[in-house]
Amino acid sequence: MFDIESPEMLAKVLEKHSYLADDGLATACFLALRMGRPLFLEGEAGVGKTELAKTIATVLDAPLIRLQCYEGLDAAQALYDWDFPRQLLHLKAAEAAGIDDAARLEGELYDRRYLISRPLLRALETQPSVLLVDEVDRADDEFEAFLLEVLSDFQISIPELGTVSAERPPVVVITSNRTREVHDALKRRCLYHWLEHPTFEREVAILLKRLPACGEALAAQVARATERLREADLVKPPGIAETLDWTEALLTLGARDLDPGLAAATLGAVLKYREDQETVLKNGLLNHV
């Protein structure tokens, strides 16, 4: 499943799939894969955490199974649930056929065919697979404790069917935007890496890799302008995803250079809060792009 021999080799493989990882990230990712440990990625939105999980799945030729976390997420939504409508139809069909053996009906109702696999169970049953637990900081503390238990043993107990264990544990990537602190108990079971916004040089390289039509001049201008926006006091500084959106918008308009007027006209591609746009325009942050 994983025959890459060094972080440097992994970085080159990721680059072939248009993901440029620095030395620290490549090393953390390599160790997580080699040691069979979950990789916990933390950083601001848009720095490439989710994209890394997608790229790892592509590199490993494994399906990406994504669990998107949110407030109120519970075990049934993340683990498994019973298909009650189909179970009810089965009961009605049995009644119409004159079957009244209660024990038999109960056994048939809680058959594997009526079990709906949610992301966690699906990841345990799929070999190989990459499990992405996205934005775990948005989930409640109770769910975090439940996730900790699943990741400790890579097995799930289903009372009606027994225990389901992963023959080969999935590759696990957990992301957090740090809207709240994640408990130490979860982090202890993972290898941790904080993703920063890319340097100017790396962002230019990312733009040229993902959007080669932009050319070096436009890529440098957009990266420099984005760097300036990140230094401002904004509600949501632009991430790599926004930089790519901005560049793509400029290319769609046929731009070869970024001037202040064009930057202002396309600001909605890079800044998604009205307050941020007003701050940028009011302070003339685009006057020297």
Side-chain angles (χ1 to χ4, degrees), residues 1 36 38-39 49-51 53-177 179-180 182-183 185-186 189-190:
M1 180 179 178
L39 178 61
K49 303 183 296 296
T50 300
E51 191 63 28
K54 294 178 180 178
T55 308
I56 290 173
T58 301
V59 168
L60 298 178
D61 193 22
L64 177 73
I65 299 174
R66 180 173 182 171
L67 173 59
Q68 180 63 52
C69 297
Y70 53 87
E71 186 177 354
L73 177 67
D74 60 26
Q77 295 161 319
L79 190 53
Y80 69 88
D81 204 356
W82 290 101
D83 192 340
F84 295 117
R86 289 188 64 203
Q87 288 175 317
L88 184 58
L89 285 174
H90 180 76
L91 281 178
K92 290 182 177 180
E95 182 182 1
I99 299 173
D100 56 4
D101 186 336
R104 173 185 169 184
L105 284 175
E106 183 177 355
E108 291 176 348
L109 280 179
Y110 290 101
D111 185 78
R112 183 64 180 82
R113 58 183 166 158
Y114 296 120
L115 191 71
I116 302 173
S117 296
R118 303 299 187 193
L120 291 181
L121 178 57
R122 199 157 66 246
L124 296 186
E125 293 180 320
T126 306
Q127 284 87 35
S129 66
V130 176
L131 172 62
L132 168 62
V133 182
D134 214 5
E135 299 183 325
V136 70
D137 53 317
R138 296 185 181 276
D140 303 324
D141 289 351
E142 293 79 6
F143 176 77
E144 192 177 317
F146 164 75
L147 180 64
L148 180 64
E149 181 181 353
V150 173
L151 296 182
S152 295
D153 302 321
F154 289 105
Q155 66 178 28
I156 294 168
S157 178
I158 303 174
E160 299 85 356
L161 297 177
T163 300
V164 177
S165 302
E167 294 180 13
R168 180 190 298 172
V171 173
V172 181
V173 178
I174 304 172
T175 75
S176 168
N177 295 336
T179 57
R180 70 168 176 86
V182 175
H183 290 283
L186 181 59
R189 285 162 173 76
C190 306

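Index from 1, following the sequence. Computed from a predicted structure; not experimentally measured.
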Open item on the list: Checking E135 now: which residues fulfil side-chain hydrogen bond (donor to acceptor under 3.5 Å, both in side chains) with it, not counting sequence neighbours?
Closed with: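 With sequence neighbours excluded, E135 shows a side-chain hydrogen bond (donor to acceptor under 3.5 Å, both in side chains) to Q68, R138, N177, given in chain and number order.
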Task: For Q77, side-chain contact (heavy atoms from CB on, under 4.5 Å) partners two or more places apart - done: Y70, L73, D74
Task: Test side-chain contact (heavy atoms from CB on, under 4.5 Å) applied to A57 - qualifying residues, sequence neighbours left out - done: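 side-chain contact (heavy atoms from CB on, under 4.5 Å) check on A57 returns L64, V130.
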Show me the donor-acceptor pairs within less than 3.5 Å that the side chains of residues 82-92 make with the rest of the protein, sequence neighbours left out.
| unit_1 | atom_1 | unit_2 | atom_2 | d |
| --- | --- | --- | --- | --- |
| D83 | OD1 | R86 | N | 3.4 |
| R86 | NH1 | R113 | O | 3.0 |
| Q87 | NE2 | L109 | O | 2.9 |
| H90 | ND1 | Y114 | OH | 3.2 |
| H90 | NE2 | E108 | OE1 | 2.8 |

Would you give me the side-chain donor-acceptor pairs under 3.5 Å for residues 152-160, sequence neighbours excluded?
| unit_1 | atom_1 | unit_2 | atom_2 | d |
| --- | --- | --- | --- | --- |
| S152 | OG | L148 | O | 2.7 |
| S152 | OG | R189 | NE | 3.0 |
| Q155 | OE1 | S165 | OG | 3.2 |

Kindly list each side-chain donor-acceptor pair under 3.5 angstrom involving residues 117-128, sequence neighbours excluded, with atom names and distances?
| unit_1 | atom_1 | unit_2 | atom_2 | d |
| --- | --- | --- | --- | --- |
| S117 | OG | R112 | NH2 | 3.0 |
| S117 | OG | E125 | OE1 | 3.3 |
| R122 | NH1 | S117 | O | 3.1 |
| E125 | OE1 | R112 | NH2 | 2.9 |
| E125 | OE2 | R112 | NH2 | 2.8 |
| T126 | OG1 | R122 | O | 2.7 |
| Q127 | NE2 | L124 | O | 2.5 |

Can you measure from [atom1] ([X]) to [atom2] ([Y]) and round to the nearest 0.5 angstrom?
X	Y	atom1	atom2	answer
L60	T55	CG	OG1	10.5 Å
D111	L161	CG	CG	7.5 Å
L132	E51	CG	CD	10.5 Å

TODO: Report yes if some heavy atom in the side chain of F146 is under 4.5 Å from a heavy atom in the side chain of L79; otherwise report no.
DONE: yes
Task: Student check: side-chain heavy atoms of V133 and L151 closer than 4.5 Å - done: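 They are not in contact (no side-chain heavy atoms under 4.5 Å apart), so the answer is no.
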Open item on the list: I'd like to know if the side chain of D137 and the backbone of T179 have a donor-acceptor N/O pair within less than 3.5 Å.
Closed with: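 Checked: pair present.
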Task: With D61 via salt bridge (Lys or Arg N to Asp or Glu O under 4.0 Å) - residues at least two apart - done: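 Applying salt bridge (Lys or Arg N to Asp or Glu O under 4.0 Å) to D61 gives none.
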- [ ] With sequence neighbours excluded, give me every ring-ring contact (aromatic ring centres under 6.0 Å, His included) pair touching residues 121-142.
- [x]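 Output for this query is empty, none listed.
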TODO: Can you run down the salt bridge (charged side-chain N to carboxylate O under 4.0 Å, His left out) pairs that involve residues 139-152, sequence neighbours left out, and say none if there aren't any?
DONE: D141-R180, E144-R180
